[in-house]
Every structure is written in C-alpha cells, then in structure tokens.
Peer 1: 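Take a look at the following structure, please.
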Amino acid sequence: MKLDDTLEKRYNCLAEEINFIRQKSIRGKKKNPRRDLNKPVSFWIKRERLLDEIGKEFTIILKTRGCGWALSESGGCSMCGYIEDAAIDDIDQKLIIEQFEYAVQQKLEEIQNDSHNYAIKLFNSGSFFDEAEISPNTRLKIYKNITLIPNIKEVTVESRIEFINRKILEEMLDFLKYNYIEIGIGLETADDHIRNNYINKGLLYDDFLDVYELCKNMGIGIKAYLLFKPPFMNEQAAIDECIYSIKKLIKIGVNTISINPMNIQRGSLVESLWHQKRYRPPWYYSLFKCLRKALNPKDLKKTRIVCDPSGAGTRRGIHNCLDYECNNNMKQKLEEFVLSQDLNALTIEDHNCLCKTQYELQRKYI
Amino acid sequence: MSFFFELLKNRIGFSRIGRITLTENAKDPFYTPNNIIPINKPMMENLDFIENCGQHEVFVIKDEIYLKDEFIHEMFKDSGFLYLHTGAFKKYSIILENKKKIFENDNVISILPFNIPTTIINKEFFYDELHNYFELSSNILNKFPHLNFGITIKLFEYPELIEEYVKFIKDHENICLLNLADLFDNFVYFRTIIKTLITIKNELDNNLVLMASGRLLTNFYPLLVYLGIDLIDSSYLIYMASENFYDSIEDIIPIYKMRFLPCNCVVCRKKLNKELEEKNSIEKMNYLCYHNLISATNYMRKTIQYLHTEDFRNFVEKSAFNDTYFISLLKILDNYHYNEIECYSKMIQKNKEINSLGPSSHNRPDFKRFRKKVVETFQPESWTKLIVLFPCSAKKPYSESRSHQRFYSILRKYSDFPMFQEIILTSPLGAIPRQLENIYPVNCYDISVTGEWSFEELRIASDMLISLLKKFNPHIPIICHLDGGYREISKIAEKEVENPFYYSELTENLTNYSSLNNLQQLIDQRKDEYSLKEDSENEIYTKTWTRKFSKILDYQFGSGFSKDIIGEGIYYAKDKFNTKLTIFDSKQKVKLGSFKFDTGKIRLTIQGAERIAFKSDFSKYLVFDGDKIRGNTLFRPGIINFNSDLLPDENVCIFNRSKDKIVAMGDMIVGSQFIKNSSSGKVVKLYETR
C-alpha cells in the first residue's frame with residue numbers, strides 16, 4: 001500500500017520542505033523527562049454525538065514515540081505538529097499502559113456515576129496499530145481494560161491504513177465484541193492530488209477504499225477525517241473540495257465523517273506558511289456553507305458528521321473575525337449541529353456580525 | 001459560434017482598441033479596453049448596485065447562481081459576461097457541464113480557473129502544479145472544442161514559466177483570452193512584467209484578449225491599458241472596500257482618515273458623507289463597494305476617452321506619477337524595449353497636442369522613432385553649401401512662428417537660400433532638418449521652456465545633431481544662431497565634427513534687429529566658403545515644399561526613394577480647406593500622392609507608388625492573395641507574403657499574387673509582428689484600390 005515510485009518522486013519537493021521544517025522542530029524540542037511518560041498527553045470527557053444518541057466521549061491522548069510517517073524521510077503531513085507531543089525515542093510499553101490506566105483512574109468515578117453512554121477515543125497522535133508506537137501486547141491489555149469500564153458503547157482508535165489488516169482487526173473484535181468499533185483514518189480529502197501534493201499524506205483513495213471494504217466486511221466502522229481548508233487552498237476551493245469529499249464518502253457509506261477545520265500546529269509547514277501570511281485558517285462561514293451544501297437530512301441518518309475544531313475562535317484555529325461573541329456563537333451552533341445532526345442548527349441568518357458581510361465580499365478573492 | 005476578439009486600432013505603446021463579439025445574435029459586442037465589474041451576492045441584494053453599475057458593458061460572474069437566463073438576458077441584457085470560478089477546478093468542470101447551454105448559447109466567456117495552489121514552496125512544486133493544471137484544462141478544452149475559453153495565467157515568482165503557458169496555448173486553438181492573475185500584483189518586479197508581456201506579444205496570436213486580474217487598484221488602469229491589457233478586473237476594489245478602504249483614484253485610503261470626500265458620485269454625495277463619522281457598519285462597507293466601483297469605472301472611462309481622442313501617452317505619464325514603480329516601468333520600457341514597442345505602437349496621432357512632461361517623455365516611442373528614423377533616412381542635399389542652426393519655437397510648424405519668420409526674412413534675402421540647410425535644435429526631439437518640420441511629432445509637440453537644459457536633453461539633442469552633421473561634407477561651414485542651452489548643444493557637437501562652426505553675435509536676444517543683422521553678416525561672410533561641384537539637380541528642388549516632400553518621402557520609404565518619385569519635378573495644390581497638399585508630376589500631370597497636415601504623412605497613389613515599388617530594396621509592401629481587392633480593409637487571411645519590418649501607420653502598397661501589379665495602397669493598422677503571429681484581423685486600411 002505504498003505510493004509507487006513515480007508518485008513518490010512527484011511529491012518529493014513538498015516532502016523535502018516538510019522534512020526540513022520537521023527536523024528543525026524536532027532538534028529544538030526538549031526531550032520529555034521520564035516522569036512525564038507515565039501520564040498521557042491529555043484526557044477529557046465531553047458531550048459527543050454517539051451513533052444513535054447524544055452521549056459523551058472519553059478521550060485519551062497517549063504519548064508514544066510519535067507518528068512513523070512524520071518521523072520518516074517524508075516529514076509527515078504538512079499541517080501536523082503532533083510530533084511535538086510525542087517522545088520521539090522509543091517508550092517502554094509499560095509506560096503506555098500506565099498512561100492509559102492513569103486517565104481511566106482519574107475519570108472512572110465520573111463515568112460510573114453518569115447515566116450517559118460513552119465513546120472511548122484512544123488517540124496517540126500517530127497510528128494505534130503501528131507496532132513501533134504501541135506493541136501488540138500493549139494493545140491487548142488496553143482492550144482488556146476498556147471492557148472493564150462501564151457504559152462504553154463505542155471505541156475509536158486512529159491509524160494510517162498501512163497498519164490496518166485483518167489479523168489486527170480480528171484481535172480487536174475478539175476483545176471488544178460488545179462495542180461498536182470505529183477506526184479513524186485521516187483521509188483528509190477524497191482528491192488524491194490535494195491529499196498527496198498539498199498535505200503529503202502518502203495515501204491513495206483506492207487504498208483507503210480497500211481498507212474501508214475490509215472493515216465493512218468485518219463489521220467495523222470507519223471514521224474518515226476530512227481536513228477543511230488544507231494548505232495551498234482558498235476558501236472557495238476548500239468549500240468545493242470538502243463538499244466533494246463529503247458527498248463521495250456518504251455515497252460509499254462511510255459511518256462517520258469527522259471534519260477537521262485546519263488549525264495551525266507548531267512545527268508544521270502550515271505554520272510556516274501562516275507566519276508568512278500565505279495561509280489563513282478557514283472562516284466559520286465557509287465551514288457552515290460547506291456543511292449546508294454537502295448534507296441533507298437523509299444522508300445524516302446514514303452517516304454521522306462530527307466536527308470538533310481545535311483552536312476554534314483563535315488566530316490559529318477556525319475563526320471569523322477575532323470577536324469573541326462572533327466566534328462563540330458559531331462554535332455553539334456547530335456543537336448543536338454535531339449533537340443533534342440537524343442542519344437547521346447551521347443557519348446563520350440570525351448571526352449579525354459585521355464580518356459576515358466582509359466574508360461574503362472577500363470570499364471570492366481570498 | 002463562440003466569442004472572438006477583433007483588434008480595431010493600435011494606440012501608442014502596447015495599447016489598443018478592440019471589440020469582443022459574443023454570440024452573433026445574442027448580444028451587441030463590447031469594446032475594449034474596459035474594466036470588469038464583479039457580480040456577487042451581497043451587492044446584488046442591494047438595488048443601488050443595479051442602479052449605479054447596471055449599465056456597465058462587461059461583468060464577471062463569480063457565483064454560479066447568476067449563471068441563468070433571466071439574469072443574463074433580462075436584468076443585464078446589454079452587458080457581456082465572463083465567468084470565473086474562484087474555487088476548485090473539479091467544481092468548475094461540473095458547473096461547465098451543467099450550464100453548458102449558457103456558455104454555448106449566451107456565450108458567457110468561461111475562464112479556466114487556477115485558484116489553487118494559492119502559494120507555492122519552490123519552482124519544482126509550481127512546475128508540477130502547472131502541469132496538473134494543464135492536464136485538467138486540456139480535458140476541458142478538448143471536451144468543448146467549439147467553445148472558446150480564457151486561461152488563467154499565474155506565475156508566482158517564476159516568470160520564466162510563461163514559456164510553458166505559451167506552448168500550451170499554442171496547442172489549443174480554443175483559448176482566446178489570457179487572464180493574467182498575478183502578474184501585476186507587485187510592480188516592484190516591473191522588469192518581469194515587461195518581459196512577460198513582451199513574450200506574450202511576440203510569441204502568441206495578437207488576437208488573444210489580455211485580461212488583468214489580481215490586486216489591481218484604479219490608478220493602475222492607464223498603465224495597464226498602455227501595456228496592452230484589454231480587460232481589467234475591478235474585483236480587488238471590492239476586497240479593499242470590505243477592508244474599509246476608500247478609492248481616491250490616485251490612492252487607496254483607509255476610510256477612517258477620510259474627512260473631505262473628493263468624489264461627487266451618488267454614494268459619496270448622499271450616503272457615505274453621512275456615515276463618515278459613524279463606526280464601521282455593513283452599510284458603510286456596501287457604500288464603499290459602490291463608490292470604489294463607480295470610481296474605477298469613471299477612471300476607466302476617462303482612460304478610454306484619452307485613448308481614443310487625446311495624447312494617451314501623456315495621460316499615462318501623468319498617472320505614472322502616482323507610483324515610483326510605474327515611472328521605472330515606463331523608463332525601462334522606453335529605454336530598453338523600444339524595438340518591441342515599435343512593432344505594435346501607433347506612432348502618429350493626428351490633431352493632438354503632444355506635451356512633453358519632462359524626463360519621462362524624452363524617450364516615448366513616437367519621439368524615439370522620429371529621432372531614429374531621421375538619423376537613418378536623412379541624406380544631405382548634394383547642393384548644400386551652408387548649414388544654419390536655429391533654436392526651436394513654441395509655435396508649430398516652426399516656420400510659422402514669429403521668430404522663425406524673422407530668421408526666414410534674413411535667409412530669403414539670398415537667392416541661393418535653397419542651398420542652405422537649416423537644422424532646428426529642440427528638446428526632446430533633438431535636431432530637426434527644416435524639411436521635416438511638418439511631420440509628426442515635430443508639427444505638434446510642446447515642452448515647458450525655462451532656458452535650462454538637463455544633461456539628458458543636451459545629450460539627446462547633441463547626439464542627434466552630431467549624427468546629422470556627420471552626413472555632410474566636413475568643409476561645409478555651420479552658422480549657429482543660438483543662445484543658452486542651444487549654444488551648449490552646438491558646442492558639444494563642435495568637438496565631434498570637423499566642420500567649422502561660426503557663432504552669430506547676439507545682443508539681448510536672437511530676434512532683435514542687431515542679432516539678425518549679425519546673422520546676416522555672418523552668412524555673407526561664410527556662404528561661399530564651401531564651393532560646390534556643378535549640380536543641376538537643385539533646379540528641381542528650389543521650392544521649399546519640394547524639398548520638404550523629398551525628405552518626407554525618404555523618411556517614410558527609406559533614403560533615395562524620393563528621387564524616383566519626384567523624377568523630373570513635381571508641383572502641388574492646396575485643397576480649399578487647407579488640410580492637405582496634393583502632389584502632381586509636373587510633366588505627366590499625374591497625381592502622385594497627397595500630404596495631410598494633421599498626420600504629417602504623404603499617402604502615395606498607386607501611380608506614385610509604382611515609381612518605387614518594383615525596386616529591389618523597396619520594403620513597404622504586402623502581397624495579396626488575388627488580383628483585385630474589394631472594400632477598404634485588408635484582413636490577415638488575404639495576405640500571402642509581407643515584408644518583416646512593417647510598422648503600424650506606415651504607408652504600404654499591396655501587390656497582387658504574382659507581385660507584378662499594385663492592387664491597392666493603404667496605411668498599416670498593425671505591424672509585421674501581428675501578421676506573423678495572427679491568423680485573423682484587420683491589417684491595412686486601404687485608401688485606393690485599382
């Protein structure tokens with residue numbers, strides 16, 4: 001499932017640039033002291049849309065050696081700076097289990113006392129199925145521990161597609177047979193050119209389809225991540241591309257689409273473009289326009305659309321003007337839409353910020 | 001049938017007047033140059049926009065919702081439309097497919113979009129992206145072979161990649177418009193701008209419409225038109241309005257600074273004026289949009305007006321003072337790219353006063369061509385025995401000025417006065433032989449005179465004077481009746497040529513009795529210093545106008561051709577309006593041509609041209625594919641052969657297919673470069689056919 005040679009050659013100039021920035025960032029990064037490695041990067045509980053209901057998510061961000069793609073010569077994805085959270089060097093697998101257990105211990109009581117159903121999301125800013133990050137034994141122990149947490153209905157992990165195979169999925173199914181399993185794949189866009197030329201994902205849509213078919217046949221759900229407004233794109237193109245991707249994914253029947261509006265992460269190529277004013281994170285208005293145009297109530301019954309933008313309302317994240325009220329209003333509408341899956345939540349007729357007209361006037365030129 | 005462009009007239013520089021015809025019956029053609037007003041949702045929601053801008057000739061649609069019949073045919077029934085998608089190419093393809101009929105029947109000009117990438121990381125990255133764009137564009141162009149398209153050209157910081165576009169455009173006949181999307185974003189790179197435009201002009205069909213879009217402000221318009229841009233997208237002014245900037249034409253000023261609105265448009269007068277003290281609001285932003293568009297459209301109209309009827313170059317120079325880079329661009333264009341401009345620029349402007357504004361005007365193309373051609377074609381009359389240098393006068397032609405009439409009164413006292421060669425020194429045209437005082441631009445230029453000459457003015461005039469004097473016998477005495485800077489010029493020349501220089505003694509000024517008396521004494525002393533060999537030819541050339549016609553013919557057709565045309569003598573007759581002189585052969589009484597005072601040009605008749613056209617070194621000709629021409633215009637498809645150095649405005653003869661007969665005479669509308677690169681369009685305006 002690797003890109004063929006010619007394709008790889010074509011993408012080299014972007015990869016070289018990303019790798020240069022990445023290596024600079026890695027060199028400058030302080031190695032984490034050991035005492036930090038037994039605690040996850042972050043963990044939280046918040047309201048979330050589950051498959052058929054409004055529930056809660058328990059998210060744990062595990063600290064591993066980091067994404068293999070980012071640490072490779074490719075330099076990783078142009079927008080990704082998660083390597084900043086990673087340890088870079090190999091981590092003792094015991095510590096990863098400790099990280100998981102620490103998060104569970106901290107939140108167990110809250111979950112036990114909650115009437116809502118939960119989705120547990122295990123993210124490691126890389127690939128959950130990459131043995132270099134999380135060993136098979138560690139994975140099994142984590143699966144086992146998940147079964148001990150009450151109210152967990154859904155389990156979500158993320159991985160690049162090259163690490164996903166039948167054996168690994170069967171193993172997961174064996175332990176988590178009573179849960180709905182969803183594998184998050186960073187497809188970013190349905191367009192191969194944008195994905196590989198602008199994002200440097202090193203992934204072809206056809207390969208994604210193969211994995212999707214495999215998961216589907218095994219009863220495992222796919223959560224496709226779409227990046228809203230990748231680098232080198234303007235607002236209108238971002239809207240066009242995202243609509244195209246959403247429609248395409250809904251058509252094949254992907255279970256969940258998670259739309260990630262771009263946020264500027266440290267140590268990424270996008271950050272360097274942003275510093276040079278050659279990139280601006282998307283406007284909320286664009287995202288709303290895209291969702292309104294791409295979706296209809298029928299589709300929303302089939303496919304779950306989630307969107308939880310990082311850095312929303314700040315200069316580095318999706319934002320309109322920098323007025324708190326304006327961004328907060330949009331944020332609330334988006335949250336409401338995700339929880340309710342009701343497109344009416346996305347209407348902005350009642351939103352009366354000056355920047356709305358400014359956006360409408362500028363959209364065709366930015 | 002899809003849209004097409006027709007070049008109607010060349011103007012000075014690369015500027016031109018053209019016409020874009022849409023579907024034959026659907027709409028009237030619209031004329032270029034013009035600015036394009038964007039249509040977008042917020043503006044369309046306001047009736048003011050339709051009221052203020054609804055009559056505009058050409059709009060650009062950037063939202064597919066406006067690609068519908070009722071909009072194009074009812075609301076804006078008299079306007080032309082372009083469609084420029086601002087998003088992804090894939091979406092554009094879908095729109096094109098869905099709205100095929102609108103593009104085919106209503107002939108909305110569709111422009112292939114190149115919006116992404118918005119930026120690049122290096123040349124290789126751009127190269128890959130460019131070829132991806134070509135691949136996508138090629139699919140569309142091949143899929144709709146009967147539809148003409150525009151192509152968006154983005155160069156980022158790699159102007160050399162224009163060559164890639166040129167190859168691609170040459171391979172696709174249905175590309176009829178070039179949308180230069182980022183070329184004018186930064187005038188710091190004025191050299192790049194010039195080079196790119198020259199590449200486009202020299203390598204591509206000149207019937208391609210040139211459109212400029214990107215970060216274009218109103219004060220760019222005259223210069224853009226001078227650079228040959230046909231359509232200018234005003235969209236950026238909307239963007240600036242949304243950022244609360246007010247277009248004052250010369251500049252774009254933040255609205256918070258505005259206290260005294262310099263515009264009297266309907267928006268400024270009624271609405272914006274009241275909003276000035278208020279906080280920024282949606283209304284204020286909308287008003288700014290309208291004002292900026294009105295202001296751009298008005299300035300464009302002014303530009304077009306000057307292009308049609310006034311000295312456009314002068315207008316461009318004045319507008320260039322808004323930006324130092326504009327001045328640099330003009331300077332570089334004039335000084336280093338004259339040869340390229342010459343091929344396209346109209347060099348004669350009739351009925352116009354040509355004002356030289358200073359250093360920026362010194363090397364304007366029409367002045368430069370005049371100086372170049374005089375030096376190339378002027379040959380001294382063999383009977384010259386005295387050269388007299390005079391200063392220029394404010395009135396044109398010089399000989400009608402009071403000062404020159406006084407000089408004349410002295411010279412005419414001598415019966416051998418036709419043996420004197422008068423040369424008039426001036427800035428910025430240089431040194432002008434008296435015989436050429438009636439041609440363009442000598443007959444209509446003007447310059448501010450203070451008596452102080454800049455180094456460049458002195459250099460231009462002295463260089464030209466030296467070049468002319470070197471053509472004469474080095475023993476012919478030169479009398480200088482000059483003062484101030486003029487005298488400095490002759491002093492510079494004196495060091496470079498062998499001829500003896502004599503300076504008349506001046507008292508106070510050049511035209512008082514005593515100075516003129518001194519001039520007369522000097523002529524008395526020196527006129528026979530150089531002894532001529534026996535020459536009977538000068539009997540024919542004793543009349544002033546015969547001498548003038550002789551030199552004008554040489555100027556137009558090349559050295560020596562006048563001799564063949566004038567033959568054994570000519571006479572001329574004035575028309576009753578005193579606008580032209582008709583030239584006849586004095587023996588055969590046939591009409592040879594006519595000289596028009598407004599153009600300063602001789603138009604030969606077929607009979608006149610026959611005297612020189614069959615000579616081996618005659619170059620002002622085209623070969624027509626046939627034996628008889630009908631109508632008064634020769635179009636490109638009718639031309640089977642042509643001389644490669646024909647320039648706009650030149651008087652040319654048109655041969656029949658076998659090149660043994662002149663079938664018509666005319667004035668070039670375009671130059672050889674156009675004929676070489678194009679397969680259609682008007683080439684010669686005919687004034688006589690056989």
Side-chain angles (χ1 to χ4, degrees), chain A residues 9-18 20-21 78 189-194 196-198 200 229-245 247-248 269-270 272-274 276-280 286 290 293 352-366, chain B residues 38-43 45-46 60-64 84-95 113 115-129 131-133 135-136 213-215 233 235-244 279-286 288-289:
Chain A
K9 262 179 209 165
R10 263 187 85 179
Y11 305 144
N12 266 350
C13 59
L14 180 72
E16 268 174 33
E17 189 72 22
I18 296 172
F20 174 75
I21 294 168
S78 58
T189 164
D191 185 301
D192 279 342
H193 182 79
I194 293 171
N196 294 314
N197 267 25
Y198 300 167
N200 193 36
K229 199 178 174 187
F232 309 106
M233 296 189 80
N234 63 12
E235 294 289 322
Q236 185 58 45
I239 296 170
D240 290 348
E241 277 306 325
C242 197
I243 291 174
Y244 167 77
S245 302
K247 284 187 172 169
K248 201 164 176 181
L269 172 75
V270 170
S272 114
L273 295 175
W274 177 70
Q276 295 168 47
K277 299 198 186 310
R278 288 155 74 193
Y279 179 82
R280 184 214 187 270
S286 298
C290 164
K293 283 202 167 185
N352 285 321
C353 186
L354 182 63
C355 73
K356 194 164 114 183
T357 312
Q358 194 176 24
Y359 167 80
E360 281 299 338
L361 290 169
Q362 292 188 357
R363 181 164 59 94
K364 300 291 176 183
Y365 320 108
I366 50 180
Chain B
I39 284 180
N40 58 25
K41 213 173 146 198
M43 291 171 66
E45 282 168 356
N46 199 318
V60 58
I61 299 174
K62 295 194 173 182
D63 217 328
E64 62 166 309
L84 183 56
H85 182 64
T86 51
F89 201 98
K90 210 181 295 139
K91 174 73 177 170
Y92 164 75
S93 315
I94 296 166
I95 294 169
N115 301 311
I116 52 171
T118 50
T119 184
I120 50 159
I121 49 172
N122 56 29
K123 192 174 175 179
E124 288 70 33
F125 179 86
F126 179 36
Y127 191 82
D128 278 350
E129 287 301 315
H131 284 271
N132 179 53
Y133 173 57
E135 206 177 306
L136 296 169
S213 55
R215 294 202 282 266
D233 187 0
S235 302
Y236 188 59
L237 296 170
I238 302 278
Y239 179 86
M240 292 315 286
S242 73
E243 293 285 337
N244 295 301
K279 276 178 83 177
N280 290 344
S281 63
I282 293 171
E283 289 74 32
K284 200 169 171 182
M285 212 181 272
N286 277 332
L288 276 173
C289 280

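Sequence lines set the chain letters: A, B, ... in the order given, protein chains first and strands last, and positions in each chain run from 1.
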Peer 1: Closest heavy-atom contact between A:Leu354 and B:Ile282?
Peer 2: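 Reported closest heavy-atom pair: CD1-N, 3.2 Å.
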Peer 1: For B:Lys91, is there any backbone N or O sitting under 3.5 Å from a side-chain donor or acceptor partner on A:Asp240?
Peer 2: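 Here the side-chain-to-backbone pair does not exist.
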Peer 1: Using only atom types and a distance under 3.5 Å, with no angle test, would you say the side chain of A:Arg278 pairs donor to acceptor with the backbone of B:Ile120?
Peer 2: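 Yes, A:Arg278 side chain to B:Ile120 backbone: donor-acceptor pair under 3.5 Å.
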Peer 1: Please determine, among B:Asp63, B:Leu84, B:Asn122, B:Asn244, the option with the most heavy-atom pairs under 4.5 Å with chain A.
Peer 2: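 Of the options given, most contacts go to B:Asp63.
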Peer 1: Of all heavy-atom pairs between A:Gln362 and B:Ser242, which one has the smallest distance, and what is that distance?
Peer 2: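 Shortest heavy-atom separation between A:Gln362 and B:Ser242 comes out as NE2-OG, 2.8 Å.
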Peer 1: Which heavy atom in B:Ile116 sits nearest to a heavy atom in A:Ala237, and how many Å separate them?
Peer 2: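 Looking at all heavy atoms of both residues, the closest pair is CG2-CB, 3.6 Å.
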Peer 1: Is B:Phe125 close to A:Glu16 at the side-chain level, that is, under 4.5 Å between some pair of heavy atoms?
Peer 2: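 Side chain of A:Glu16 against side chain of B:Phe125, heavy atoms only: no contact under 4.5 Å found.
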Peer 1: Would a 4.5 Å heavy-atom cut-off, applied to side chains only, mark B:Tyr239 and A:Leu361 as touching?
Peer 2: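 No, their side chains stay 4.5 Å or more apart.
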Peer 1: Rounded at 0.5 Å granularity, tell me how far NE2 in A:His193 sits from CG in B:Leu136.
Peer 2: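 One finds 7.5 Å between NE2 of A:His193 and CG of B:Leu136.
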Peer 1: Please answer whether the main-chain N or O of B:Thr118 pairs with a side-chain N or O of A:Asn234 as donor and acceptor at a distance below 3.5 Å.
Peer 2: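 Flag not set: sc A:Asn234 to bb B:Thr118 has no pair under 3.5 Å.
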Peer 1: Is B:Ile94 in contact with chain A via its backbone, its side chain, both, or neither, using a 4.5 Å heavy-atom distance?
Peer 2: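 Neither part, no heavy atoms under 4.5 Å.
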Peer 1: Could you look at A:Ile243 and say if it's the side chain, the backbone, both or neither that has a heavy atom under 4.5 Å from chain B?
Peer 2: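 Nothing of A:Ile243, per the 4.5 Å heavy-atom cut-off to chain B.
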Peer 1: Pick one of side chain, backbone, both or neither for A:Glu17, based on which atoms fall under 4.5 Å of a heavy atom in chain B.
Peer 2: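 Only the side chain of A:Glu17 comes within 4.5 Å of chain B.
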Peer 1: Compare all side-chain heavy atoms of A:Gln236 with those of B:Asn115 and state whether any distance is below 4.5 angstrom.
Peer 2: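 SC-SC contact between A:Gln236 and B:Asn115 ruled out.
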Peer 1: When heavy-atom pairs shorter than 4.5 Å are enumerated against chain A, which of B:Met285, B:Glu124, B:Lys90 gives the highest number?
Peer 2: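 With the most close heavy-atom pairs to chain A, the winner is B:Lys90.
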